[in-house]
Amino acid sequence: MSSMRSRAGGRPMIQMLFDPYLPPRQLPLVPNKANRSIWWERMKKFFAANYAVYKIKKVIPGWKPKTFAQEAEELYVKMNSLFANRKKDELKNLVTEGMWGELNPQMKSLQKDVKWLSYGHVERPRAMHFALAKVQTERGEEEIVQATVKIQLKQGLELGEQKNVQTIEEYVVFEKWLDRSNGWKIAGKIQQ
């Protein structure tokens, strides 16, 4: 698990990517004694993710996972652009405090004439998993939802005359406090 810092009611609070789960690419065709645990784990995660989606839809009327995945990709592209352009104040508004703690030192070591460019997605972004957690804060019990989105972009770094374009597949975790009016923020990435 990745740990992150956040503020709850003005005081620092440690947060986690509380369910860094990626569904298996393929389940065994027939459940049997040998693969029962794989099926059981997938079923538990499936029902927990559906409950999280239900809670999101309750707070955000008309919300849909497919539309959210596209918005998440736009947020991811914006984050990378702001990072490459060293726009700290704007970047802080797009990421959680824990993610900011990881990005800030990287931004300081970034060369000044580096440009980040997006050449569009290779595959449509896809919401892979949702998780819900309850956190005790000074306001009382609050709910946080985290959504893992698979983003596959053709992106590149430009350093002077040199261009390095690659297809990158990342699983990015987005976070929203359901009891607050804030928007989605990038909380981290799940390593494969």
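These figures come from a predicted structure and were not determined experimentally. Computation of the quantities below employed the complete heavy-atom set of this structure, encompassing side-chain atoms and omitting hydrogens, waters and symmetry-equivalent molecules.
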Quick note, side chain to side chain donor-acceptor pair (under 3.5 Å) partners involving residues 51-60, not counting sequence neighbours, are K55-E143
Could you pull out the closest heavy-atom pair between E141 and D179, with the gap in Å? O-OD2, 3.7 Å
Are any side-chain N or O atoms of R180 and backbone N or O atoms of L178, one a donor and one an acceptor, separated by less than 3.5 Å? no
Can you check whether T137 reaches W177 side chain to side chain, under 4.5 Å on heavy atoms? yes
Would you mind listing the cluster partners of F47? Hydrophobic ones only (ILVMFWY), side-chain contacts under 4.5 Å, chaining allowed. M43, F46
Please check if any side-chain donor atom of E175 sits under 3.5 Å from a side-chain acceptor atom of T96, or the reverse. no
Contact check, side chains of E123 and K150, non-hydrogen atoms, under 4.5 Å: yes
If we ignore hydrogens and angles and just use 3.5 Å, is the side chain of K115 paired with the main-chain N or O of A84 as donor and acceptor? no
Taking all atoms of both residues into account, what is the closest heavy-atom pair of Y21 and I190, and its distance? N-CD1, 4.0 Å
Could you check whether the rings of F68 and F174 sit parallel, tilted or perpendicular, using 30° and 60° as the cut-offs? perpendicular
Heavy-atom neighbours of W40 CH2 exceed 12 at 6.0 Å: no
Any side-chain heavy-atom pair from V149 and Y171 closer than 4.5 angstrom? no
